[in-house]
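Below you'll find the structure, written out as C-alpha cells, and then a few comments.
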Amino acid sequence: MEPSDRYHYHVIRRALDHIDAAPAPLSLEALAREMEMSPAHFQRVFSRWVGVSPKRYQQYLRLEHARALLADRFTTLATADAVGLSGSGRLHDLFLTWEAMSPGTYAKGGAGLEIFWGWFDSPFGEALVMGTARGICGLAFAAETGRAAAMEDLVRRWPKATFKEAPERLRSWVETAFGARQTGEKAPLYLIGAPLQLKVWEALLAIPSGHVTTYSEIAQAIGNPKAVRAVGTAVGRNPVSWLIPCHRALRKSGALGGYHWGLPVKRAMLAWESAREDAG
C-alpha cells in the first residue's frame with residue numbers, strides 16, 4: 001500500500017474514536033480540528049479514501065448503519081448461490097481463487113507445512129499475512145490487538161507447522177488481494193480448517209461486497225439451521241479475515257456481534273464497502 005493509504009487509515013481510525021465518543025454527529029470543522037487539519041484538507045483525505053464526504057461517512061460508521069444494512073442489503077445466501085455468487089465465482093472482484101486442505105491434513109495440526117509470514121500495510125491498518133506454497137492461509141489485523149497478539153493467534157492455529165519470515169514470498173499475492181496490483185493474475189487462498197468451518201467460510205464468500213447476512217442465514221445455507229452457535233464460532237475462527245468476509249455477518253437484531261480483530265475494524269470495513277457501493 002502507498003504511504004498515503006496508511007495515513008488515511010489512521011486519520012479514519014482517529015476520527016472514529018471521536019465519532020464514537022460524541023453524543024451527536026460532528027461537523028466537518030470539528031472533525032478537522034480534532035485531526036489537526038484544515039477542513040478542506042480533511043475533506044479531501046476522506047473523499048479520496050472512501051469516495052464520500054466525512055458527513056456521509058459518519059452515517060456509515062455509526063452503529064445504526066448495521067441495522068440499515070440488514071434492512072436494505074440483506075443477502076439471502078440461497079439466492080446468491082442460485083445466481084452464481086458463491087464459491088470461486090464470487091471471488092472475481094477480489095482477484096482470488098481458493099482451495100481447502102483435506103480434513104486429514106487439518107487434523108495433523110499443520111504438521112509438515114512450511115508457512116511463510118510477513119507484515120504488510122492495508123486500508124485497515126497493519127496486517128499480518130501468512131501463506132504456504134499454495135496460497136494465503138492467514139490474515140490478521142493488528143490495529144486493535146497489537147502485533148504480538150495477532151502473531152500468537154495465527155501461529156497457535158497450526159501448532160505443528162514450521163514458520164518462516166519471508167514477506168517477499170507473499171507480497172504479490174497480498175497486493176493482488178487488496179487491489180493494489182491488477183495484472184490479471186489471481187491471489188490463491190489455501191484454507192486450513194475443519195469441515196464445518198470450511199462450509200461456513202464458503203457461505204461467507206457468497207455475500208456480495210456492500211451487503212450483509214445473519215448467522216442464522218448462514219446456518220440455513222450450510223444445511224444445518226440449528227447450528228447458529230457453531231456458525232458463530234466458525235465465523236470467528238476465519239483465518240483469512242477480510243478476504244473471507246466474516247465482517248458481513250450480523251446478528252438478527254442488526255447488532256454487529258463480535259469481531260475477532262476488534263469491532264472498530266469491522267465497522268471500518270463495512271463503512272469502506274458501503275461507501276464504495278454507493279459511490280460506484
Side-chain angles (χ1 to χ4, degrees), residues 1-10 12-13 16 91 94-101 106 109-111 113-181 186-193 197-198 201 204-205 233-249 258-270 272-273:
M1 290 289 164
E2 295 294 325
S4 60
D5 291 324
R6 296 195 299 272
Y7 172 61
H8 294 175
Y9 169 78
H10 289 296
I12 288 170
R13 278 293 299 114
L16 177 58
L91 294 173
L94 292 177
F95 310 102
L96 297 173
T97 58
W98 70 277
E99 64 174 309
M101 174 181 284
Y106 165 73
L113 271 183
E114 184 174 33
I115 296 179
F116 308 101
W117 63 271
W119 289 99
F120 299 88
D121 295 311
S122 85
F124 310 106
E126 196 172 36
L128 172 62
V129 182
M130 293 187 174
T132 70
R134 300 172 73 169
I136 296 171
C137 66
L139 173 56
F141 294 97
E144 299 297 316
T145 65
R147 274 192 168 199
M151 175 67 77
E152 180 185 3
D153 187 288
L154 289 189
V155 167
R156 71 186 179 198
R157 295 172 189 245
W158 313 294
K160 297 181 181 179
T162 299
F163 293 87
K164 178 180 179 181
E165 183 175 10
E168 68 282 355
R169 294 286 300 267
L170 305 167
R171 190 172 306 280
S172 64
W173 291 346
V174 173
E175 291 177 353
T176 298
F178 279 115
R181 177 194 297 250
K186 294 189 176 184
L189 295 184
Y190 188 50
L191 303 186
I192 305 174
Q197 292 173 332
L198 293 172
W201 300 340
L204 289 169
L205 291 170
T233 300
V235 169
R237 291 294 294 169
N238 167 24
V240 195
S241 298
W242 174 248
L243 301 182
I244 295 178
C246 51
H247 59 281
R248 297 175 192 159
Y259 189 65
H260 200 71
W261 306 113
L263 285 180
V265 176
K266 182 171 185 173
R267 288 204 301 276
M269 288 177 174
L270 289 171
W272 191 91
E273 291 187 328

Practice prompt. For the residue pair Trp261 and Asp153, establish whether any side-chain heavy-atom pair is separated by less than 4.5 Å.
Written response: yes
Practice prompt. For residues Pro245 and Leu205, determine if any side-chain heavy atom of one lies less than 4.5 Å from a side-chain heavy atom of the other.
Written response: yes
Worksheet entry | Atom pair CG (Leu154) and CG (Leu139), whose distance is rounded to the nearest 0.5 Å | 8.0 Å
Practice prompt. Could you tell me whether the side chain of Leu191 reaches within less than 4.5 Å of the side chain of Val240, counting heavy atoms only?
Written response: yes
Discussion item. Counting C-beta onward and ignoring hydrogens, is there a side-chain heavy-atom pair between Leu128 and Met151 closer than 4.5 Å?
Written reply: yes
Worksheet item: Within the distance-only criterion (no hydrogens, no angle test), does the side chain of Asn238 pair as donor or acceptor with the backbone N or O of Ile244 below 3.5 angstrom?
Response: yes
Fill in: Derivation and outcome, side chain to side chain contact (heavy atoms under 4.5 Å, CB included), residues Arg157 and Arg237
CA-CA 9 Å; Arg157 295 172 189 245; Arg237 291 294 294 169; 3.4 Å; yes
Worksheet item: So do Trp158 and Met130 actually touch side chain to side chain, heavy atoms under 4.5 Å?
Response: yes
Practice prompt. Check the pair Trp173, Arg171 against side chain to side chain contact (heavy atoms under 4.5 Å, CB included), reporting the backbone distance first and the verdict last.
Written response: CA-CA 5 Å; Trp173 291 346; Arg171 190 172 306 280; over 6 Å; no
Fill in: Val265 versus Ala143, closest heavy-atom pair with distance
CG2-CB, 4.5 Å
Discussion item. Quick one, Val235 and Trp201 - any side-chain contact, counting heavy atoms below 4.5 Å?
Written reply: no
Item to complete: For the residue pair Trp242 and His247, categorise the inter-ring angle as parallel (less than 30°), tilted (30 to 60°) or perpendicular (more than 60°).
Response: parallel
Fill in: Thr132/Phe116 under side chain to side chain contact (heavy atoms under 4.5 Å, CB included): CA gap, chis, key distance, verdict
CA-CA 6 Å; Thr132 70; Phe116 308 101; 5.9 Å; no
Fill in: Validation row: Leu243, Ile136 side chains within 4.5 angstrom (heavy atoms)
yes
Discussion item. For Ala234, give me all partners under side-chain contact (heavy atoms from CB on, under 4.5 Å), at least two apart in sequence or on another chain.
Written reply: Gln197, Val200
Worksheet item: Do the side chains of Ser241 and Tyr259 get nearer than 4.5 Å, heavy atoms only?
Response: yes
Worksheet entry | Considering all heavy atoms, the nearest Cys137-Pro239 contact | O-CB, 3.5 Å
Discussion item. Could you work out, with side-chain contact (heavy atoms from CB on, under 4.5 Å) as the rule, every residue matching Glu165, not counting sequence neighbours?
Written reply: Trp117, Pro167
Item to complete: Find the distance between CG (Leu113) and CZ (Arg134) and round it off to the nearest 0.5 Å.
Response: 9.0 Å
Practice prompt. Output, in order, the C-alpha distance, side-chain angles, deciding distance and verdict of side chain to side chain contact (heavy atoms under 4.5 Å, CB included) for Lys164 and Arg169.
Written response: CA-CA 10 Å; Lys164 178 180 179 181; Arg169 294 286 300 267; 5.8 Å; no
